[in-house]
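This report concerns only the one structure given below.
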Amino acid sequence: MPYSRRQVLLGSAALLLFAAPALAHHGWGSYDAATVLTLDGVVAEIDPNNPHGELRLKTADKTWTVTLSPPARMAARGKPIADIKVGDKVVAVGYPSRSRTDEMRAERLTHNGFTVELR
């Protein structure tokens with residue numbers, strides 16, 4: 001059964017609408033899960049926004065972008081991102097980015113003696 005031009009256009013528009021967020025998301029494949037990093041530093045900046053919160057973490061050698069889990073997940077696991085303040089000490093354990101030498105995806109975060117599993 002042939003489709004009308006209108007059906008094809010509507011279907012294409014719907015596909016683009018739903019695919020756009022997936023294309024914008026960087027995906028976890030861009031991180032090297034075979035290499036585990038432990039970063040110990042001081043929070044220089046916080047971005048609590050969805051889809052993932054981020055910290056800029058100043059370590060002894062450089063400042064890292066630490067990608068966190070979604071803020072709602074952090075809160076559900078007992079560590080709302082709003083609890084973390086600029087100047088706080090944080091230990092992040094996770095995987096380095098394959099393309100950015102100053103970025104990592106955190107699997108676990110310790111702040112004020114509390115460790116939260118992020119994934």
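Every heavy atom of this structure was used, including side-chain atoms; hydrogens, water molecules and symmetry mates were not. All residue numbers in this chain count up from 1 along the given sequence.
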*Under a 4.0 Å N-O cut-off, is there an ion pair linking Glu107 with Arg105?*
yes
_Nearest-0.5 Å distance that lies between atom CG in Leu55 and atom CD1 in Ile81_ = 5.5 Å
_Main-chain N/O of Arg119 paired to Arg73 side chain as donor or acceptor, under 3.5 Å_ = no
_Side chain Asp32, main chain Ala34, donor-acceptor under 3.5 Å_ = yes
_Interatomic distance, Thr67 atom OG1 to Glu54 atom CD [nearest 0.5 angstrom]_ = 4.5 Å
*Supply the atom-to-atom distance Glu117 CD to Arg108 CZ, rounded to the nearest 0.5 angstrom.*
4.5 Å
*Between atom CD1 of Ile84 and atom CG of Leu57, what is the distance when rounded to the nearest 0.5 Å?*
10.0 Å
*Are side-chain heavy atoms of Thr35 and Tyr95 found at a separation under 4.5 Å?*
no
*Do Lys85 side-chain atoms and Ala82 backbone N/O form a donor-acceptor pair below 3.5 Å?*
yes
_Is there a side-chain contact between Leu68 and Val66 in this structure, where contact means two heavy atoms from C-beta onward sitting under 4.5 Å apart?_
yes
*Do the side chain of Thr110 and the main chain of Gly113 share a donor and acceptor less than 3.5 angstrom apart?*
no
*Shortest non-hydrogen contact between Gly53 and Pro71, atoms and distance*: N-CD, 4.1 Å
*Are Arg56 and Asp47 within salt-bridge range, i.e. N to O under 4.0 Å?*
no
*asked:* Within the 3.5 Å criterion, strictly below it, is a donor on His111 or Asp88 matched to an acceptor on the partner's side chain?
replied: yes
*Please round to the nearest 0.5 Å and tell me the distance separating atom OG of Ser30 and atom CZ of Arg98.*
8.0 Å
*Who are the side-chain contact (heavy atoms from CB on, under 4.5 Å) partners of Leu37, not counting sequence neighbours?*
Trp64, Pro96, Met104
*Measure the shortest side-chain to side-chain distance between Leu118 and Leu109 over non-hydrogen atoms and say whether it is less than 4.5 angstrom.*
yes
*State whether the side chain of Arg77 and the backbone N or O of Ala72 hold a donor-acceptor pair below 3.5 Å, judged by distance alone.*
no
*asked:* My understanding is that only one of Leu39, Val90, Thr63, Val43 makes a side-chain contact (heavy atoms from CB on, under 4.5 Å) with Lys58; could you say which?
replied: Thr63
*Please answer: with hydrophobic residues joined when any side-chain heavy atoms are less than 4.5 Å apart, are Ile46 and Val42 in the same cluster?*
no
